[in-house]
Amino acid sequence: MMSDTDDIAEICLQSSLTSKTWDPGDGVISEAIYFDHLPSYEQMFQKILLKNQLCIIGPFVTAAWPSRQLWVQKNGTPNFEYIGKHFGDATAPVADCSGEEFCSHPKSEMKVQEFLTYWQDYAEKGYPANEKCLYLKDWHFTRDFPDSKVYTPPAFLCSDWINEFWDSAVEETAEDDYKFVYMGPRNSWTPFHADVLHSYSWSANICGRKMWIFYPPGAEAGLRDRHGQLVFDLRSSELKDDLTFSNASRSSGAAITVIQEPGEIIFVPSGWHHQVFNLEDTISINHNWTNGCGAHLSWAFLKSRLTAVQKEIEDCRAMDDWDLHCQLILKSDSGMDYKDFFNFLSVIAEHRILALRQECVTDVCDRNGSRSWNQRPGKESGRCCLCLLTSEQFCGAVSGSESTHEDVCDGGNAHASRRTYSPCKDEAHIDVAPSELSSPAQRHAEELAEKKRISDILTVGGNNHLNCPHWAHSGPNLAVFDLRRIKVIVHNMLEQSEFKAVLPQLTSEPRELILNIDKVLDCHR
């Protein structure tokens with residue numbers, strides 16, 4: 001039986017903050033680790049994320065999700081009536097598993113209700129092989145229905161930099177995310193692939209069973225043809241063609257087959273290629289994500305893809321702005337270019353810098369006589385919710401006033417509204433000469449200057465503490481780890497000659513970001 005505090009994200013061991021991250025070429029355990037109990041964040045951090053290790057989490061973790069109860073009938077099959085009634089008017093992408101187009105299944109768009117009608121008819125006819133097998137996939141359900149709280153990932157899956165970045169985007173065109181619903185009949189499938197940007201992913205079966213075939217990083221090399229293209233379908237007879245797939249024997253015996261049961265969550269690490277088959281009528285919820293344990297792998301992937309692009313158009317090197325043309329092709333190929341990836345890291349860093357600077361100032365105030373940080377509700381269990389340290393509370397702390405329980409998350413009470421880091425309303429803390437500032441006030445002035453520079457800052461939403469970024473619940477430790485990892489990656493970016501070509505396009509200076517990270521890390525040594 002899980003207690004209310006079993007799923008609180010904590011990084012307790014200082015050794016975790018300096019642990020070595022997994023790099024290509026490092027070994028992995030060639031099997032899926034199964035958790036029949038709820039692992040602590042420390043377990044997931046040390047044994048899974050830092051090791052880039054495949055794992056499965058038992059169905060108990062999703063048992064209370066509304067989607068497991070409302071989207072599924074008592075016999076375990078999809079509740080077509082409920083789904084159609086509540087979400088049928090939405091439009092979603094649908095893949096034709098019978099075809100191939102640009103190394104993928106051809107896609108079109110359908111109303112969800114139209115797809116459900118097709119699905120029921122297809123099932124009633126016995127899933128005929130001579131008819132199209134359609135698969136509704138990559139449906140941005142959360143984007144389309146932001147108020148439908150149909151699932152709550154466990155905290156150790158919530159350090160999600162990719163969706164944190166997209167959720168905090170303010171541009172009119174920023175309507176993307178990497179949170180998906182998949183729905184498909186028996187025999188629907190996805191081709192052999194690795195996830196976007198070599199990110200992590202997790203997939204929760206709401207109903208139905210899936211078969212996954214995994215190849216650990218590097219083991220897929222023999223499954224590329226003489227042009228370097230991955231095999232589309234692992235069942236293909238092409239793999240027996242020695243002229244096309246001359247190295248296929250290298251991958252022999254490397255496959256790891258996993259049957260995913262209803263309710264189970266599979267964590268797919270970075271660079272693990274896989275193909276997935278629905279063994280029954282199946283619904284799943286999936287996220288692509290990365291964090292401080294894996295962001296360097298996405299950066300390594302981008303560098304490798306740019307090298308491939310440069311090789312492909314080497315004969316055009318004499319053209320004007322060749323480097324920028326390579327970046328344009330890279331973005332089309334991988335979804336991000338170097339500029340995008342730096343902006344992504346910058347946004348993630350700004351969120352943590354802001355929270356940690358607020359904590360630094362609060363800590364100074366505590367030493368000057370106001371309430372001790374350690375006496376605040378929830379701190380003793382590692383549940384300080386830094387994401388709710390708003391500017392108004394910040395000013396209250398500086399002036400010595402008593403802060404409210406809203407600056408921490410009690411782990412049980414629902415947050416009734418969306419909260420943001422909002423501009424400071426206390427003009428008394430602005431336009432003060434530096435020589436007149438005490439140490440806490442000086443830090444606060446720096447905080448305000450930083451806020452003026454941030455155009456896009458994290459919005460925290462949801463109906464319980466797990467909807468807040470879990471690094472906030474871990475106190476400063478995980479935010480410190482994240483900033484250290486970002487600093488390493490940005491240093492490496494600055495060493496790349498190709499990155500210099502995009503420097504004029506950046507909205508912030510990489511070296512300034514490193515300096516800001518160093519300043520806040522100095523406060524947490």
Side-chain angles (χ1 to χ4, degrees), residues 2 4-11 33-35 37-45 48-49 53-71 138-143 145-168 177-182 195 199-207 210 260-270 283-294 348 383 385 387 409 411-412 414-415 458-474 478 482:
M2 292 182 289
D4 291 339
T5 59
D6 282 342
D7 194 27
I8 299 303
E10 298 183 49
I11 292 293
I33 295 175
Y34 192 90
F35 289 99
H37 62 281
L38 188 69
S40 68
Y41 188 81
E42 193 74 40
Q43 282 181 291
M44 287 293 293
F45 189 81
I48 303 300
L49 298 179
Q53 181 60 49
L54 179 68
C55 81
I56 307 168
I57 305 156
F60 57 87
V61 78
T62 64
W65 290 8
S67 52
R68 291 275 330 269
Q69 301 169 36
L70 300 175
W71 294 12
D138 299 325
W139 177 20
H140 295 268
F141 177 87
T142 300
R143 184 190 66 188
F145 298 95
D147 296 326
S148 292
K149 308 299 181 183
V150 298
Y151 65 101
T152 303
F156 47 73
L157 297 178
C158 292
S159 179
D160 182 344
W161 289 12
I162 292 178
N163 287 298
E164 179 182 336
F165 173 72
W166 285 110
D167 287 349
S168 61
D177 65 21
Y178 286 84
K179 309 171 187 177
F180 306 111
V181 166
Y182 283 45
D195 287 315
S199 63
Y200 300 146
S201 67
W202 61 259
S203 178
N205 266 8
I206 303 306
C207 67
K210 293 187 179 188
Q260 183 186 16
E261 301 292 339
E264 292 180 340
I265 295 179
I266 283 188
F267 166 71
V268 182
S270 172
I283 300 175
S284 65
I285 293 174
N286 312 273
H287 280 206
N288 288 106
W289 61 297
T290 193
N291 59 21
C293 297
I348 300 304
R383 288 185 287 162
C385 200
C387 53
C409 179
H415 300 318
L458 178 64
T459 297
V460 178
N463 59 0
N464 58 51
H465 73 279
L466 291 181
N467 291 100
C468 302
H470 86 258
W471 54 268
H473 293 278
S474 302
L478 194 55
D482 287 351

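Predicted, not measured: the structure shown is a model, and the values here were computed from it. Throughout, residue positions are numbered sequentially from 1 according to the sequence presented.
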- Indicate yes or no for a side-chain donor-acceptor contact from Asn205 to the backbone of Cys207 under 3.5 Å, with no hydrogens or angles considered. no
- Message: Do His37 and Gln43 make a side-chain contact, defined as non-hydrogen atoms from C-beta onward lying under 4.5 Å apart?
- Response: yes
- Message: Just so I know, are the side chains of Phe165 and Asp177 near enough to count as touching, which here means a heavy-atom distance under 4.5 Å?
- Response: no
- Hey, does Val268 have a side-chain heavy atom less than 4.5 Å from the side chain of Trp202? no
- Is the shortest heavy-atom distance from the side chain of Tyr41 to the side chain of Leu478 under 4.5 Å? yes
- Does the side chain of Lys210 come within less than 4.5 Å of Ser284's, by heavy atoms? yes
- Hits for side-chain hydrogen bond (donor to acceptor under 3.5 Å, both in side chains) against Asn163, two or more places apart or cross-chain, chain-then-number order -> Asp160
- Which heavy-atom pair separates Pro153 from Leu157 by the least distance, and what is that distance? CB-CB, 4.4 Å
- Modelled atom types, side-chain donor and acceptor of Asp195 and Ser201, under 3.5 Å: yes
- Mind checking the CD1-CD1 spacing from Ile33 to Ile48? Nearest 0.5 Å is all I need. 4.0 Å
- Item | Centroid-centroid under 6.0 Å between Phe180 and Trp139 rings | no
- Task: Verify whether the ring centers belonging to Tyr200 and Phe267 lie closer than 6.0 Å.
- Result: yes
- Query: Can a donor-acceptor pair be found between the side chains of Asn286 and Ser203 at a distance below 3.5 Å?
  - Reply: yes
- Message: Quick check against the 3.5 Å criterion: does Ser67 have a side-chain atom that pairs as donor or acceptor with the backbone of Val150?
- Response: yes
- Message: Under the ring-ring contact (aromatic ring centres under 6.0 Å, His included) test against Phe141, which residue among Tyr151, Tyr182, Trp71 passes?
- Response: Trp71
- Query: Going by heavy atoms in the side chains, are Ile265 and Pro154 under 4.5 Å from each other?
  - Reply: yes
- Item | pair Phe35-Cys55: side-chain heavy atoms closer than 4.5 Å | yes
- Nearest heavy-atom neighbours spanning Cys293 and Phe45: SG-CE1, 3.5 Å
- Do side-chain atoms of Gln69 reach the backbone of Ala64 as a donor and acceptor pair under 3.5 angstrom? yes
- If you measure from CE on Met44 to OG on Ser159, what distance do you get to the nearest 0.5 Å? 11.5 Å
